[in-house]
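Counting starts at 1 for both ligands and their atoms, following the listed order. These values consider heavy atoms only, across backbone and side chains, with no hydrogens, waters or symmetry-generated copies.
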Amino acid sequence: MMTQLAPPAIESADIRWHDGIPESRTFGDVYFNRDNGLEETRHVFIRPNELARRFARVADGAAFVIGETGFGTGLNFLAAWQEWRRANPPPCARLHFVSVERYPLRREDLHRALALWPELADLAEELVAQYPPLVRGAHRMRLDNGRVRLTLFFGDVLDAWQELEFNADAWFLDGFAPALNPSMWPDEAMQQIRRHSKREATLATFTSVGRVRRALENCGFQMHKAGGFGRKRDMLVGSLPPDPGPAPRNDVPQPKGIAIIGAGIAGCLLARNLAERGVPVTLIDAAEQPGAGASGNLQGALYVKLGVEFNAQTQLALSGLLFSQRYYASLPEPLSESLSESPSGSCWHRTGLFQMAHNEQERQRQQRFLERNQYPADIVEPVDAGAATDLTGIETEHSGLWFHNSGWLQPAALCRDLIRHPGITTLFSNPVESLARNGNQWFIATQRQTVSAAQAVICGGHHSPALIPVDSQHGHFRFKPIRGQVTHLPDHVVKAPRAVICGPRYINPTCDGVAVTGATFDLHNASPEMNEASHRENIDELHDMLPAIWLDQAPGPDQHLSGRVGFRCTTHDYQPAAGALAAVPGADLRDLFLLTGLGSKGLTYAPLLAEYLADTLTGEPACLPRSLIKRVRPERCFRPMAQEKVS
Ligand code: SAM
């Protein structure tokens, strides 16, 4: 019987272990051949798609894309990844694997199933560590230091192919026998597979059913039978003929070089992401060093407020949270080791985060959130005041929500570290004065020099609107700066929480003798100077929500406190802006992109949105589904001037 789950939860696979082999109770079929599942995968999918030969020919900086129907245990994925490693492609070549799963395995089952293959143990360990919680939608995993990317859609196959943007070089059609599971094999799914195929794409499937063969032929695939694996007599192999029409989007050439304006967390993450994909980047900033603006705080928390309604906004916040948790946890060792100047030794601290129900209104909001939604406990779970006290180490009388995999990081240190890459050229102390398009190039004039690039990305935080070359006659971008002052509380004043605590203010565990609290939210104050009133506001709010935080008592007005002022950039609808600017009326903004409007959630949104922009710029499968791409489109922030004023 189907269980009705509230969003965003998705029903997990109902597994029966039979002689140590997983079977689906729902479909009454095995996930892979009982005799040798790995050999079956190689016979049915890897060899017919000629992956060894094709992988070896992937150029540096290019990507090979495999689409799969039915992720199941991930065995096919690991076998493809293993083959990719064996082919030893150039360092910046990438394997993208896009798959869909309607009934995802629980992590324990995935671990148990993949433990059957000792030769895949290291790959399986990485996959299991990154495997997403069981919530609907698109999940992107960066594996093998970004050389392998997995886009895994939890949901039905037709929704996945509607929502995901990608074009595959090869397909694995693996969805239980068509007679047992017709939902995986409707003609519409075959048409979608054709639509998501590159020129000369190939496919292979274990089934030889005539209806599947005819449906694929009707879409343009040339199909033939091949010998099946083990006791199966036949299987099907197919390919698109050499020139079926215009080249799809994914055939765009690798960008030659990209200029990024703004070296905050968004710009630094994007620069690193592109450089790792083999794209040379020039990173330009007015300041002397990265993270000089809002991203320069000593500490920042990985925090989102998940909405009571599970809409696109909440989906985006959740996707950002899950991706950033995975991203920070998987930073390669040298990235944190090289932070020798940071005494704590690492940027990322997974301490957990407590979102306090600090008043009756917030308590009721959290109550409604819990009633209407169903989140796995490894994302968020309710805790009472006693549990919150135990988890944070600070006495509280408030219940709230506990985000087990969240924590805090050192954004300024992270920014510095991200840009240490041979593919990134930095131009600091270079205030950008103007951007102009001439021919096929963008010319970025700074006070010292002019930089040209085929594509440019503005990651300028609250300076972004001034950088976009749109004539104000035509309209303006609805961005606004919001001042935020944080206060540094020395460890002889506050008790050190064990986890991040969020309410009207946040407070982090201490770092180098200081706990950062804040921040103010000053809509009508443009002063970059710190002021005493903002410190008082932070302290009073913190005291109201957490009176037990002080070692003795709250610092008085006579006590000198340090801190920092930054300006968040928010949009009219408080949602981020990421994507091409081309569609803005009245200006030729082709090849100009925007990544900003992250508000106070930059640390959470930036990794996912940088990944998305890097996908877009390199023409690779998008990590965001269409519904979220629409949500973050920059043109929604543009307000055209009324027609009569233009003329
Ligand atoms: N490729 C997998 C592996 O390497 O372990 C085995 C796939 S198993 C044979 C088929 C998978 O398709 C199952 O995990 C099943 O839950 C999934 N599936 C079945 N119907 C589906 C649908 N309509 N949409 C998405 N996934 C579906």
Side-chain angles (χ1 to χ4, degrees), residues 2 10-18 20-34 36-46 48-49 51 66-83 97-107 109-117 120 123-124 127-128 131 134 136-139 150-164 170-190 192-193 196 203-207 209 212 228-230 232 235 625:
M2 297 264 281
I10 186 163
E11 199 181 337
S12 64
D14 187 1
I15 301 272
R16 187 172 89 104
W17 293 91
H18 189 212
I21 304 286
E23 286 178 6
S24 162
R25 278 209 183 90
T26 315
F27 295 99
D29 203 351
V30 284
Y31 281 83
F32 42 74
N33 185 283
R34 303 197 148 275
N36 191 338
L38 181 53
E39 202 32 56
E40 178 193 34
T41 292
R42 290 178 183 139
H43 179 93
V44 176
F45 300 112
I46 307 281
N49 278 301
L51 294 187
I66 297 177
E68 183 195 46
T69 54
F71 187 74
T73 68
L75 175 60
N76 290 344
F77 167 60
L78 294 194
W81 180 2
Q82 185 191 46
E83 194 65 40
F97 199 92
V98 182
S99 190
V100 54
E101 181 50 63
R102 173 69 188 79
Y103 301 97
L105 268 72
R106 282 182 297 268
R107 188 189 297 267
D109 287 329
L110 190 84
H111 179 72
R112 184 169 169 191
L114 293 176
L116 290 166
W117 322 110
L120 300 175
L123 310 187
L127 172 65
V128 172
Y131 192 65
L134 301 197
R136 292 173 173 279
H139 302 273
L150 170 62
T151 306
L152 183 52
F153 188 94
F154 284 165
D156 188 72
V157 66
L158 291 180
D159 294 334
W161 301 157
Q162 285 289 350
E163 275 283 67
L164 296 179
W171 283 94
F172 299 177
L173 306 191
D174 191 14
F176 291 136
L180 296 173
N181 181 27
S183 76
M184 190 62 117
W185 306 92
D187 288 1
E188 194 188 338
M190 307 300 148
Q192 292 280 9
I193 284 167
H196 284 291
L203 66 77
T205 176
F206 65 92
T207 183
V209 167
V212 170
F229 182 76
K232 270 187 94 34
M235 55 172 273

task: Would you check if there is a donor-acceptor pair between the side chains of Asn76 and Thr41 at a distance under 3.5 Å?
output: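 A donor-acceptor contact under 3.5 Å links the two side chains.
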task: Assign the ring pair Phe172 / Phe97 to parallel, tilted or perpendicular, where the plane angle (0 to 90°) is split at 30° and 60°.
output: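 If you compare the ring of Phe172 with that of Phe97, the planes turn out perpendicular.
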query: Parallel, tilted or perpendicular for Tyr103 and Phe27, by the 30°/60° rule?
result: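 Correct class here is perpendicular.
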message: Would Arg34 and Glu23 count as a salt bridge (charged side-chain N to carboxylate O under 4.0 Å, His left out) here? Give the steps.
response: CA-CA 10 Å; Arg34 303 197 148 275; Glu23 286 178 6; 2.4 Å; yes
Could you go through ligand 1 and list every pair where one of its N or O atoms sits under 3.5 Å from a protein N or O, giving the atom names and the distance to one decimal?
unit_1: ligand 1; atom_1: 1 (N); unit_2: Glu68; atom_2: OE2; d: 3.0
unit_1: ligand 1; atom_1: 1 (N); unit_2: Gly70; atom_2: O; d: 2.8
unit_1: ligand 1; atom_1: 1 (N); unit_2: Asn76; atom_2: ND2; d: 3.0
unit_1: ligand 1; atom_1: 1 (N); unit_2: Asp174; atom_2: OD2; d: 2.8
unit_1: ligand 1; atom_1: 4 (O); unit_2: Leu75; atom_2: N; d: 3.1
unit_1: ligand 1; atom_1: 4 (O); unit_2: Asn76; atom_2: N; d: 2.9
unit_1: ligand 1; atom_1: 5 (O); unit_2: Thr73; atom_2: N; d: 2.9
unit_1: ligand 1; atom_1: 5 (O); unit_2: Thr73; atom_2: OG1; d: 2.6
unit_1: ligand 1; atom_1: 14 (O); unit_2: Glu101; atom_2: OE1; d: 2.6
unit_1: ligand 1; atom_1: 14 (O); unit_2: Glu101; atom_2: OE2; d: 3.1
unit_1: ligand 1; atom_1: 16 (O); unit_2: Glu101; atom_2: OE2; d: 2.5
unit_1: ligand 1; atom_1: 20 (N); unit_2: Asn181; atom_2: ND2; d: 2.8
unit_1: ligand 1; atom_1: 23 (N); unit_2: Asp156; atom_2: OD1; d: 2.8
unit_1: ligand 1; atom_1: 23 (N); unit_2: Ser183; atom_2: OG; d: 2.9
unit_1: ligand 1; atom_1: 24 (N); unit_2: Val157; atom_2: N; d: 3.0
unit_1: ligand 1; atom_1: 26 (N); unit_2: Arg102; atom_2: N; d: 3.1

message: Could you work out, with ring-ring contact (aromatic ring centres under 6.0 Å, His included) as the rule, every residue matching Trp171, not counting sequence neighbours?
response: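 For Trp171, the residues satisfying ring-ring contact (aromatic ring centres under 6.0 Å, His included) (neighbours in sequence not counted) are Trp161, Phe166.
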message: How long is the straight-line distance from CG of Leu114 back to CG of Leu123, given to the nearest 0.5 Å?
response: 10.0 Å
